[in-house]
Amino acid sequence: MARRALITGITGQDGSYLAEHLLAEGYEVWGLVRGQSNPRVARLPKDIHLVRGDLLDQGSLISAVERVRPDEVYNLGAISFVPMSWEQAELTAEVTGMGVLRMLEAIRVCSSRGGEIRFYQASSSEMFGQVRETPQTEVTPFHPRSPYGVAKAYGHFLTQNYRESYGMYAVSGILFNHESPRRGAEFVTRKVSLGVARIKLGLATELRLGNLEARRDWGFAGDYVRAMHLMLQVGKPEDYVIGTGRTQSVRELVEAAFTAADLDWERHVIADQSLHRPAEVDLLCADPKKARTQLGWEPTVPFEELVAMMVESDLRLLSEGGDPQDSSWP
Ligand code: G4F
């Protein structure tokens, strides 16, 4: 019988790559959705099963887990855009933090009636925040700098706690920034690749950005979902840092993207102080040694190739009149 996976956040970038990966691995894939009126839900491929549920609603999660009886649950659902977490701090705590508690409880209740359900929590490098050491590993202390980072830290520790308290197979992947042509248009990599494409096609002349000096460890989302799956296949449940081990500034990202389209970034980019965050994460850089040695996981797409891939994809999308707000599923 096919193994069954339940994914929250299936309409997003990571959900789409993970679902495709699990389908290719022979899984029966289920997506937890709040309703079917969302156009993104309507566009999900037909071989994905849907079950209703909401990370804000404990009862709905118990019913969903009860109905699907998954072997594996991947909790990717979250309010994931960091600036929004200052504007909607309470909602962020409810969805991104308390949502983890509700899903763990649903799994605990349902698996007490028999059958192991393995749980993957999407933890984030934002938890490191004002970093205590570089590169960051599984044991680097957290100092989150946004309500989002704080909510993710809660979900992370809770996953650890349910593993220790109840002996559950519950793990967190501490994922560093991961990008692709399916990335939401509000995140900086996609904002830049779309901006470059618009300028190249004569649809815009300038691109306004916030802090150009922040540094991130950017990898390809398609690689990172393989790591999520691998974490649930090993004998012992443990947490893993997933990243490339390289760090670049937003300025270097901008240079690479404009160069990929044969443009001079300094003629188009405007640094806008109003786009800076109340508290910034200045530097993130992963040490993915544990994932490499224990999971055999490696990133396959270098930074420059990733940026060029995104620019090329957005040039194609805009030339064909596509909607950049709606590209998580191809
Ligand atoms: O692309 P970003 O918005 O991603 P951020 O905040 O690092 O968070 C992403 O990665 C996390 C993993 O570490 C995830 F947990 C999280 O859900 C999300 O996927 O911003 C990256 C950097 C920041 O330092 C920001 O200040 O880019 C800087 N930046 C400069 N100008 C900008 C802009 N970010 C955005 N979104 N828009 C700008 O105009």
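For ligands, and for the atoms within them, numbers begin at 1 and follow the listed sequence. Model, not experiment: these values are computed from the prediction. Hydrogens, waters and symmetry mates are skipped; everything else that's a heavy atom, side chains included, is used.
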How close does the nearest protein non-hydrogen atom get to [atom], and which residue and atom is it?
atom                    : value
atom 13 (O) of ligand 1 : Ser125 OG, 2.4 Å
atom 39 (O) of ligand 1 : Lys191 NZ, 2.8 Å
atom 36 (N) of ligand 1 : Glu186 O, 2.9 Å
atom 10 (O) of ligand 1 : Asn177 ND2, 3.1 Å
atom 30 (C) of ligand 1 : Asn211 O, 3.3 Å

Applying side chain to side chain contact (heavy atoms under 4.5 Å, CB included), run through Leu32 and Val73 and close with a yes or a no. CA-CA 10 Å; Leu32 184 90; Val73 173; over 6 Å; no
For [X] and [Y], which I'm curious about, is there any donor-acceptor pair between the side chains at under 3.5 Å?
X      : Y      : answer
Glu238 : Gln160 : no
His276 : Glu280 : no
Arg102 : Gln58  : no

Quick one: which ligand 1 atoms are inside 4.0 Å of a heavy atom on [X]?
X      : answer
Tyr148 : 14 (C), 15 (F), 16 (C), 17 (O)
Glu280 : 23 (C), 24 (O), 25 (C), 26 (O)
Val82  : 6 (O), 8 (O)
Gly210 : 30 (C), 31 (N), 33 (C), 39 (O)
Ser124 : 11 (C), 12 (C), 13 (O), 14 (C), 15 (F)
Ala214 : 24 (O)

On the six-membered ring of Phe187, is Arg183 placed so that its NZ or CZ lies under 6.0 angstrom from the centre and within 45° of the ring axis? yes
Does [X] approach ligand 1 within less than 4.0 angstrom via side chain, backbone, both or neither, non-hydrogen atoms only?
X      : result
Leu175 : backbone
Arg277 : side chain
Ser80  : both
Val250 : side chain
His276 : neither

Test ring-ring contact (aromatic ring centres under 6.0 Å, His included) on Tyr120 and His229 and set out the steps. CA-CA 8 Å; Tyr120 171 84; His229 177 239; over 10 Å; no
Side-chain donor-acceptor contacts of residues 254-270 below 3.5 Å, not counting sequence neighbours, with atom names and distances?
from: Thr259; atom 1: OG1; to: Glu255; atom 2: O; distance (Å): 2.6
from: Asp264; atom 1: OD1; to: Glu266; atom 2: N; distance (Å): 3.1
from: His268; atom 1: ND1; to: Thr205; atom 2: O; distance (Å): 2.7

Connected to Ile174, directly or through other members, by ILVMFWY side-chain contacts below 4.5 Å are Met127, Phe128, Val131, Phe142, Phe157, Phe176, Val241, Val281, Leu284
Regarding atom 7 (O) of ligand 1: of the candidates Gln13, Glu179, Arg216, Arg145, which has the closest heavy atom? Arg216
Given Val188, Leu253, Leu283, which one has a non-hydrogen atom that is nearest to atom 33 (C) of ligand 1? Val188
Looking only at atom types and distance, does a side-chain atom of Asp239 sit under 3.5 Å from a main-chain N or O of Ser172, one as donor and one as acceptor? yes
Under 3.5 Å: donor-acceptor pair, side chain of Thr11, backbone of Arg40: no
How far apart are the C-alpha atoms of Phe220 and Phe303, what are their side-chain angles, what is the distance that settles it, and do they pass the ring-ring contact (aromatic ring centres under 6.0 Å, His included) test? CA-CA 8 Å; Phe220 172 54; Phe303 173 73; over 10 Å; no
Can the ring centroids of Tyr74 and Trp30 be said to lie less than 6.0 angstrom from one another? no
Less than 3.5 Å between some nitrogen or oxygen of Leu209 and one of ligand 1, yes or no? no
Quick check on side-chain contact (heavy atoms from CB on, under 4.5 Å): which of Leu6, Leu23, Asp47 does Val29 satisfy it with? Leu23
Contact check, Arg183 vs ligand 1, heavy-atom distance below 4.0 Å: yes
Asp272 touching ligand 1 at heavy-atom level, < 4.0 angstrom: no
